[in-house]
Amino acid sequence: MLSSPAPAIRTNSELTLSVTHSPPSAAQTVSAHPVRRGRTATRVSGLAAAVLLLAVVAVLSIAVGAKALPLADIWPGLLDPDADEYTVVHQMRLPRTLLGLLAGAALGVAGAVMQALTRNPLADPGLLGINAGASAAVATGTALVGVAGLDGQVWFALIGAAAVTAAGYVVGGGRGATPARLALAGAALNATLYSYVSAIMLLDAASLERLRFWTVGSLASAELAIVGTVAPFIAAGLLLALAVARPLNALALGDDTARALGARPALIRAAVIAAVTLLCGAATAACGPIVFVGLLVPHLVRALTGPDLRWLLPYCAVLAPVLLLGADVLGRILSRPGELQVGMVTAVLGGPLFLWLVLRGRVGQP
């Protein structure tokens, strides 16, 4: 009599595959949606809290100075031309605050997209030499061409930032760049370009007088005309960076995966370089080189949002101005009736904060 066939024995690998590839149950799908909605609600509420914090810091930036303004006098100073505070607010405090908002957002977003593109946690407009390139170009235009106004300086800064961004990326190895090579290339470019700027300032007394405060990084010379000049460049850079957030997320998975998802790696890299050039060139032309804002803020924000650039960039655009304006307010308080330049304050505060993040183990690949 024929025996019935023995049941097929499934190996562990087959069982694993069947479990792995089995479709999610309806209960699993339903339970995933509240988790996703809860995460989104948390991020939205966090961003709203960040905007509220930025509004508080902006009010402090208008109120604090050599002559402190009571909070009750700020609103008349903004809107009433007959108020005694109107001149102080509109000629000094408001332009300074607006420039801090623009420059902070530019540096924070530039640092975030650079870290994502290069996959280097040390990527920063200052550390990779981009600010130095803009500074060298502005110093050249000031000393050798006679460019004195910001209308001309901003174009020199954009050219210098673009040249150094491309040079650092090529010297660092291009698409095969490693974090170590990019950091070394940025350090070499920084040292060379800042030595060049120092030489120009030492050899030309007129350039020294015009550039000695600007090279530290300052918001003190802000005017509404300066804000109006750099605002279109920074706005264009921010919009371009936000537009490439989703494809840049795909690029973080590798070029082949990005292409499979419909992204174009070469176009994404070109767009990021253009965005960084606009942001860093305009901010440096208006304020001078300011360090640590583009390096520190993305790391702090990433702990809240994760690596998704669709959330990381808006958070950086809000919280980086909080850091920059907060440092500017602190510099005015510590040295009354004078002030410390904001570039000095961010350098003093940024170093210990970044070391703390490193020791806490929060600085890693974006």
Side-chain angles (χ1 to χ4, degrees), residues 43 105-134 158-190 233-283 294-295 297-299 301-302 305-317 320 363-366:
R43 289 171 172 173
L107 295 174
V109 170
V113 295
M114 288 174 62
Q115 290 172 14
L117 177 67
T118 61
R119 302 173 197 172
N120 182 0
L122 296 178
D124 168 74
L127 294 181
L128 294 188
I130 299 174
N131 287 347
L158 291 173
I159 293 171
V164 174
T165 301
Y169 190 68
V170 171
V171 174
R175 286 189 294 179
T178 63
R181 288 192 63 177
L182 286 169
L184 289 173
L189 290 169
N190 252 327
F233 296 99
I234 293 177
L238 291 175
L239 291 175
L240 185 57
L242 291 172
V244 299
R246 183 185 293 272
L248 195 53
N249 279 337
L251 190 64
L253 303 175
D255 285 15
D256 294 336
T257 304
R259 291 190 188 95
L261 294 173
R264 301 169 62 182
L267 183 60
I268 296 170
R269 291 188 176 93
V272 170
I273 290 175
V276 170
T277 298
L278 290 168
L279 295 172
C280 296
L295 175 64
V297 172
H299 286 296
V301 170
R302 201 173 286 114
T305 65
D308 189 348
L309 290 168
R310 293 172 298 175
W311 288 101
L312 182 66
L313 295 186
Y315 267 85
C316 287
V363 176
Q365 294 292 341

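The first residue of the sequence shown is numbered 1, and numbering continues consecutively from there. This structure is a prediction, so every number in the text was calculated from the model and none was measured.
- Listed for the R43 side chain is a donor-acceptor partner under 3.5 Å among the backbone atoms of T305.
- A pairwise comparison of heavy atoms in A241 and V113 identifies CB-CG1, 4.1 Å as the closest pair.
- For the pair A110 and L279, the tightest heavy-atom approach, listed with the atom from each and the gap, is N-CD1, 3.9 Å.
- With rounding to the nearest 0.5 Å, the separation of CG in L248 from CG in L242 is 11.5 Å.
- Shortest non-hydrogen contact noted between P298 and L312 is O-CD1, 3.9 Å.
- What you find for L309 and P314 is that their closest heavy atoms are O-CD, 3.9 Å.
- N190 contributes atom CG, which lies 10.0 Å from atom CD1 of I130 (distance to the nearest 0.5 angstrom).
- Evaluated for a side chain to side chain contact (heavy atoms under 4.5 Å, CB included) with V272, the options L251, L267, V244 yield exactly one hit, V244.
- Under a 3.5 Å cut-off, the side chain of D308 and the backbone N or O of N249 do not form any donor-acceptor pair.
- Between A274 and L240, the closest heavy-atom pair is CB-CD2, 3.8 Å.
- Nearest heavy-atom pair, Q115 versus L295, reported as atom, atom and distance to 0.1 Å: NE2-O, 3.6 Å.
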